[in-house]
Amino acid sequence: MFQQDFRNLTKEEIAVLTARGCTATDWSAVEVASEGFSCETITNVEFSGNVRIGRLDGVFNRPGGLARRSCLCNVTLHNVSVGNGVFIRNVANYISNYDIADGVYIDNIDCLTGTLGSTFGIGTEVSVLNETGGREVPIYEWLSAQTAYMIAMYRHNRELVQTLVTLIKTHAASFFGTRAQVGEHAEITNCGTITDVNIGAYAHIKGATRLKDGTITGSKEAPVTVGRDVIAEGFVFAAGAHVADGAVVHHCFVGQASALSHLFSAHDSLFFANCNCENGEAAAIFGGPYTVTMHKSSLLIAGIFSFLNAGSGSNQSNHMYKLGPIHQGVVERGSKTTSDSYILWPARIGAFSLVMGRHVNHPDTSRLPFSYLIESIHGSFLVPGVNLRSVGTIRDAQKWPRRDRRKGQDLLDCINFNLLSPYTVGKMLGAVTLLSDLERTAGVTAERFAFQAMTIDAKALRNGRKYYGMAIDKFMGNSVIHRLGKTPVASEADIRRRLAPTHAAGAGEWVDICGMFAPKTEVDRLASDIVNGVVKDLDTINERWHQLHADYYDMEWTWVCGQMLSWFGKTVDELTADDIRTIVQRWIKSVTELDAMLLEDAHKEYSLKSRTGFGIDCPGDNADDDFVSVRGEFGQDPFVKMVEDHIATKSALAEATLELLENCH
């Protein structure tokens with residue numbers, strides 16, 4: 001709209017506008033498009049300050065087939081620019097200090113105000129994890145889960161955090177004193193007051209009660225939706241976000257394709273890509289990608305989560321009535337909390353774990369992923385590794401990629417969906433040693449083992465060690481098979497050539513940077529580059545995260561090579577064709593045994609107990625007919641067929657890989 005020429009109104013136009021109920025404090029301060037402007041679409045408008053109006057020549061096709069032509073009607077405009085093809089009608093108070101882009105539709109709102117003294121939520125400090133402060137994350141439009149994680153969790157590196165905060169605050173300061181924006185083709189209808197909110201292109205704001213100090217981004221591919229009765233202050237809504245149905249949001253970042261709705265309330269919280277939160281409450285949480293809570297009685301507080309499924313009545317406590325709400329918790333990726341579960345912070349739950357019941361002794365299961373943490377009369381009972389054989393774990397890992405609702409090219413968060421990775425398998429390698437050490441210390445005849453205020457049953461310990469070993473074989477073997485490729489192997493020298501690492505990084509400890517796996521050395525290198533000024537701006541930081549993410553599989557193989565000696569007894573340079581055959585055989589054995597366990601677990605959903613409640617008013621054996629008509633036969637279940645197909649596919653892959661080695665000498 002600003003590319004076109006503008007002119008002052010003519011005396012004739014002023015007369016027409018006056019006759020149509022319009023007034024102005026200074027008609028000379030009102031400019032209109034040099035071409036295509038018509039007074040016939042302007043009625044009952046009060047002009048104040050400097051006002052620019054484009055061509056009002058658009059047509060809006062409303063639901064139900066109603067067509068509405070662009071107009072300005074029943075509105076007061078103060079220091080406002082209006083683009084081409086805009087519809088503005090029935091603004092009860094006024095619009096001030098806003099630039100309204102082409103194709104915007106505004107109808108029946110109370111007030112749209114810019115104060116020239118706001119940064120539009122950019123730079124708002126969100127006090128995650130510790131409600132009293134100490135881990136504040138200033139938010140901005142392109143905040144990624146990884147950058148936020150670094151700001152919140154790397155407080156030991158004061159220079160790093162200060163540098164990041166300064167970059168964001170400098171960016172925020174650039175907005176001070178500027179007019180607010182409504183992006184092209186945005187729609188604002190039936191709303192209350194909107195104050196100092198930058199509204200992105202194609203946004204849909206319908207029925208919001210009060211919005212203040214915020215930024216709504218978005219695009220045609222990924223518009224943001226703000227629905228009825230929403231109250232928000234000090235916020236950033238990223239592309240594709242959905243905040244509706246009475247949600248109350250205070251000092252929050254809502255990430256790409258995340259949804260907060262159905263009376264959900266949140267303060268001082270971050271929600272990154274594809275979170276889905278309804279009915280309950282969040283306070284000071286760091287919600288990594290796919291944090292899900294759907295129930296009225298659930299509270300997430302003072303914790304960091306990702307890929308979480310919170311059951312009804314899930315709750316945590318961060319206040320022990322001494323020094324205030326200062327305690328925090330870590331629930332690593334992929335965990336679930338069952339109905340009415342409770343954890344007293346501080347605590348740490350390992351990746352892909354299930355929490356059942358109440359736990360008040362500050363459990364730390366981070367060294368034992370894929371575990372069940374269960375309440376018992378003796379306290380907290382830990383079952384290591386058992387989630388590796390759970391059908392629910394595999395279903396979760398499959399559904400997350402399918403439920404990625406982000407659109408467009410600019411995806412902020414780097415997300416790795418892998419169930420097995422150098423991070424989780426590294427934990428398993430340590431877990432095998434830990435469980436063996438516990439058994440050796442207490443004696444092989446012990447019935448129970450104590451571990452950090454938790455109890456592990458002897459059978460559970462040994463089974464857990466077995467499950468971990470199978471998963472390690474599965475991951476390591478899969479990596480070797482993938483690296484060998486699909487062409488016949490000519491010699492053992494050819495084996496070593498194919499298996500040689502191709503990336504310098506990857507050895508050593510890996511970390512989960514809120515959805516993204518990366519070697520700690522590379523994260524530390526990025527931190528150093530930020531502190532030393534090698535990386536100087538926020539865009540470059542995001543680019544570095546994405547490059548790390550893109551290099552994952554090459555760095556993963558470097559890590560696998562570093563574990564060969566400890567797990568298989570030989571380095572990559574020492575592997576022979578017979579060693580590869582052994583690795584493949586161990587791999588397919590682990591794959592098929594784990595899949596068989598999954599089928600056994602899935603079969604429980606078709607047991608007699610699962611049929612309870614079916615067959616109401618059905619005589620005799622017809623109860624089974626009712627069950628089958630609703631749930632189907634076990635053998636026809638899509639997941640069951642998928643697992644069976646997986647076994648067949650992987651068995652064929654094992655045979656094909658072994659055939660590649662037939663002529664190796």
Side-chain angles (χ1 to χ4, degrees), residues 1-2 6 8-9 13-14 17-33 37 39 41-54 56 58 60 68 70-121 175-184 186-200 203-216 226 230-233:
M1 61 170 285
F2 298 108
F6 289 87
N8 292 114
L9 292 164
E13 288 171 332
I14 292 173
L17 290 172
T18 301
R20 296 180 66 84
C22 299
T23 63
T25 55
D26 181 1
W27 284 109
S28 67
V30 179
E31 295 183 323
V32 297
F37 173 76
C39 298
T41 55
I42 301 177
T43 307
N44 295 333
V45 177
E46 178 184 354
F47 299 102
S48 174
N50 297 308
V51 177
R52 273 188 170 182
I53 304 170
L56 300 177
F60 295 85
R68 279 187 167 158
S70 294
C71 70
L72 299 179
C73 181
N74 301 331
V75 59
T76 297
L77 302 177
H78 174 72
N79 292 334
V80 171
S81 64
V82 178
N84 299 319
V86 169
F87 180 100
I88 302 178
R89 189 186 71 163
N90 295 342
V91 178
N93 283 291
Y94 56 88
I95 299 176
S96 68
N97 299 313
Y98 260 87
D99 293 326
I100 299 171
D102 298 345
V104 169
Y105 188 95
I106 300 175
D107 189 19
N108 193 33
I109 70 170
D110 182 24
C111 197
L112 182 62
T113 308
T115 65
L116 303 179
S118 170
T119 60
F120 310 104
F175 290 93
F176 191 82
T178 64
R179 297 212 300 206
Q181 309 289 317
V182 179
E184 62 181 7
E187 181 175 330
I188 309 170
T189 58
N190 303 316
C191 293
T193 60
I194 300 176
T195 306
D196 290 326
V197 178
N198 268 345
I199 299 168
H204 297 276
I205 306 176
K206 301 180 180 181
T209 298
R210 186 174 72 252
L211 306 177
K212 182 178 180 182
D213 292 326
T215 291
I216 298 171
V226 182
V230 169
I231 298 174
E233 181 174 353

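Heads up: numbering here begins at 1 and tracks the sequence.
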Closest approach of Ser118 to Thr115 (non-hydrogen atoms, all atoms of both residues): N-OG1, 4.1 Å
Table please: side-chain donor-acceptor pairs of residues 72-79 below 3.5 Å, with sequence neighbours left out.
unit_1: Asn74; atom_1: OD1; unit_2: Asn44; atom_2: ND2; d: 3.1
unit_1: Asn74; atom_1: ND2; unit_2: Asn90; atom_2: OD1; d: 2.9
unit_1: Thr76; atom_1: OG1; unit_2: Glu46; atom_2: OE1; d: 3.2
unit_1: His78; atom_1: ND1; unit_2: Ser48; atom_2: OG; d: 2.8
unit_1: Asn79; atom_1: OD1; unit_2: Asn50; atom_2: N; d: 2.8

Do Thr193 and Asp110 get their side chains close enough for a donor-acceptor pair, meaning under 3.5 Å? no
Rounded at 0.5 Å granularity, tell me how far OG1 in Thr209 sits from CD1 in Ile194. 10.5 Å
With rounding to the nearest 0.5 angstrom, report the OH to CG distance, Tyr98 to Asp196. 6.5 Å
Report yes if the side chains of Val197 and Ile205 come closer than 4.5 Å at any heavy-atom pair, otherwise no. no
Just by modelled atom types, is the Leu116 backbone N or O under 3.5 Å from a matching donor or acceptor in the Asn97 side chain? no
Side-chain contact test, heavy atoms from C-beta onward, threshold under 4.5 Å: evaluate it for Ile106 versus Ile100 and give yes or no. yes
Here's a test for you: under side chain to side chain contact (heavy atoms under 4.5 Å, CB included), which of Asn8, Ile53, Val51 qualifies with Glu31? Asn8
Nearest non-hydrogen partners of Phe120 and Ala180, listed with the distance: CE2-CB, 3.6 Å
Please check if the side chain of Arg20 supplies one atom and the backbone of Ile42 the other of a donor-acceptor pair under 3.5 Å. yes
Rounded distance [0.5 Å steps], CG in Leu211 versus CD1 in Ile188: 9.0 Å
Backbone N/O of Gln181 and side chain of Asn198: donor-acceptor pair under 3.5 Å: yes
Smallest heavy-atom separation, Glu184 atom then Ala101 atom, equals N-CB, 3.4 Å
Phe37 CZ to Leu56 CG distance, which is reported to the nearest 0.5 Å: 6.5 Å
Can you see which heavy atom on Gly200 is nearest to which on Ala186, and at what distance? O-CB, 3.7 Å
Looking only at heavy atoms, the pair that brings Ala29 and Gly49 closest together is CB-O, 3.3 Å
Taking it one step at a time, do Val182 and Leu112 satisfy side-chain contact (heavy atoms from CB on, under 4.5 Å)? CA-CA 10 Å; Val182 179; Leu112 182 62; 4.2 Å; yes
Any side-chain heavy atom of Leu9 within less than 4.5 Å of one from Phe47? no
Okay, side chain of Asp102, backbone of Asn84: is any donor-acceptor separation there less than 3.5 Å? yes
Any donor and acceptor pair, going by atom type alone, linking the side chain of Ser70 with main-chain N or O of Gly58 inside 3.5 Å? yes
Working to the nearest 0.5 Å, report the span between OG1 of Thr113 and CG of Asn93. 7.5 Å
Suppose we screen for ring pair (Phe, Tyr, Trp, His ring centres under 6.0 Å). Which residues come up paired with Tyr105, at least two apart in sequence or across chains? Phe60, Phe87
Least distance between heavy atoms, Gly207 atom then Cys191 atom: N-SG, 3.6 Å
For the SG atom of Cys22 and the CD1 atom of Ile14, what is their distance to the nearest 0.5 Å? 11.0 Å
